[in-house]
There are 2 protein chains.
Amino acid sequence: MTSPEIRSRIVETADGLYNAKGIQAVGMDELRAAAHVSLKRLYQEFPSKSSIVMAVLERRHRSWAAGLDAQVRAAGSPRARLLAIFDYLAHWFGEDSFRGCGFINSFAELGAMSPEVAEYARKHKESFQEYVGDLAEAAGAPPYLAPQLSILAEGAQTTAAIAGSSEAAGQARRAAEVLIDAALREGIRGAA
Amino acid sequence: MTSPEIRSRIVETADGLYNAKGIQAVGMDELRAAAHVSLKRLYQEFPSKSSIVMAVLERRHRSWAAGLDAQVRAAGSPRARLLAIFDYLAHWFGEDSFRGCGFINSFAELGAMSPEVAEYARKHKESFQEYVGDLAEAAGAPPYLAPQLSILAEGAQTTAAIAGSSEAAGQARRAAEVLIDAALREGIRGAA
DNA sequence: TTGAATTGAGAACGAACGTTCTCTATATTG
DNA sequence: CAATATAGAGAACGTTCGTTCTCAATTCAA
């Protein structure tokens with residue numbers, strides 16, 4: 001078993017445990033057992049728990065962005081691409097393991113004491129907002145639309161997590177339709 | 001110093017510390033020192049840390065709901081009342097101590113392992129949604145408007161917390177205007 | 001095959017936590 | 001005033017955590 005394989009098994013296992021129970025609730029020994037590695041090997045691959053946390057955040061970011069992008073690319077029109085964001089959320093909220101956005105959660109848990117966690121959460125959200133911004137621009141919408149849709153998506157995530165239901169995705173999607181159509185009317189008027 | 005005074009000083013101090021550093025990052029001894037009580041007195045007033053956490057959540061709920069209601073009542077029209085929600089958020093986000101919604105944060109930190117924390121967060125959000133629902137109904141809007149505005153408000157909270165900026169309140173407010181006006185047009189058409 | 005390096009299993013360490021206990025000093029009450 | 005209850009200060013306890021260490025087993029090189 002090569003080092004990269006071990007590393008990714010550790011990070012994948014940590015991701016699942018941290019998501020299910022919270023980061024602080026999962027000790028190194030529990031992670032060691034679940035990932036089927038020795039403690040020695042664990043510390044050989046990662047110098048500390050916080051470095052595992054950062055690796056988990058990076059994994060989450062890549063996986064989330066890739067999943068979103070796949071759903072968006074499958075949509076036809078620029079307007080449908082914007083709405084595909086909320087279809088992705090609906091799919092995500094329906095998973096049994098869904099327990100809210102991992103970045104919001106890690107920010108809430110560690111952000112106050114760990115500048116690197118806070119910073120990474122900020123960058124993740126910023127990257128999402130830029131992504132939405134690109135989609136909105138491609139749809140010909142004015143710049144104010146992107147933050148509005150981003151806020152809707154954020155709100156759907158926390159609402160679904162706390163309520164334990166996925167209906168927020170559909171509600172946010174219908175709100176997004178209204179906002180998009182209003183913004184496109186404005187955008188077209190402004191461009192004319 | 002009577003017991004209720006001591007209790008509320010403990011809860012108030014705990015609220016501040018938990019908000020600033022996270023619940024798990026604040027030990028009982030730190031709380032004892034900050035609240036200027038003896039450890040004996042602390043455990044005389046509260047049987048455990050988790051009972052203090054629940055008392056803090058209750059305090060947060062009351063204070064948040066009262067602050068929101070005051071802002072809403074100051075608004076004139078039903079439409080302005082709905083928008084006052086976002087003015088309240090703007091004011092809140094601007095406070096130095098703002099570090100996100102305490103219920104989202106405690107849910108993220110403890111919700112997975114503590115059913116009572118998860119349940120209390122759920123009830124707090126539910127009560128907010130009902131409050132928005134009452135305002136929306138008074139404005140003559142169809143029932144789908146309330147969840148849309150609630151989701152916007154939730155999203156503004158996490159966005160402002162993670163980005164460390166209060167601009168999400170204004171962005172959410174402008175989105176709310178669009179949603180409210182669209183819903184009122186629909187509502188009037190439906191009622192006619 | 002023999003010697004050196006690496007591994008796994010888990011004991012051990014030091015710190016921190018929530019909680020309880022001890023002891024002394026101060027109030028309270030008859 | 002004397003006897004008793006109560007308070008504060010903080011030591012102590014048992015656990016858990018992140019991290020390191022020990023040591024026997026195994027792998028690999030020559």
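Letters go in sequence order (proteins before strands), and every chain restarts at 1.
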When we call it a touch if two heavy atoms are under 4.0 Å apart, what does B:K40 touch: a base, just sugar-phosphate, or nothing?
base

Between C:dC17 (C1') and B:Q24 (CD): distance, integer Å
11 Å

Salt-bridge criterion met for B:E45 and B:R41 (N-O under 4.0 Å)
yes

For the pair made of CZ in B:R41 and P in C:dC21, what is the distance, rounded to whole Å?
19 Å

Whole Å only: how far is the CD atom of B:E30 from the P atom of D:dG10?
17 Å

Nucleotide nearest A:S48 (side chain, heavy atoms from C-beta), chosen from D:dT19, D:dG8, C:dG18
D:dT19

Length of the line joining B:L31:CG and C:dG18:C1', which is rounded to integer Å:
12 Å

Separation of atom CD in A:E45 from atom P in D:dT19, rounded to whole Å
15 Å

In whole angstrom, what separates B:Y43's OH from D:dC13's C1'?
13 Å

Is there a side-chain contact between A:R32 and A:D29 (heavy atoms, below 4.5 Å)?
yes

Just how far, in rounded Å, is P of D:dA9 from CG of B:L42?
12 Å

B:W64 ring center within less than 6.0 Å of B:F128 ring center
yes

How do B:R32 and A:L39 order along DNA chain D: which one's closest nucleotide is nearer the 5' end?
B:R32

Salt bridge check, A:R185 against A:D181: does any charged N sit closer than 4.0 Å to a carboxylate O?
no

What nucleotide among D:dT19, D:dG10, C:dG18 has an atom nearest to a side-chain atom of A:M28?
D:dT19

Of the nucleotides D:dA7, D:dT19, D:dG10, which one has an atom closest to the side chain of B:Q44?
D:dA7

Measure the distance from NZ on A:K21 to P on D:dT16 and round it to the nearest whole Å.
13 Å

Salt bridge check: are B:E119 and B:R122 linked by an N-O gap of less than 4.0 Å?
yes

Report the nucleotide, chosen from D:dA9, C:dT20, D:dT19, that has the shortest atom-to-atom distance to any side-chain atom of B:S38.
D:dA9

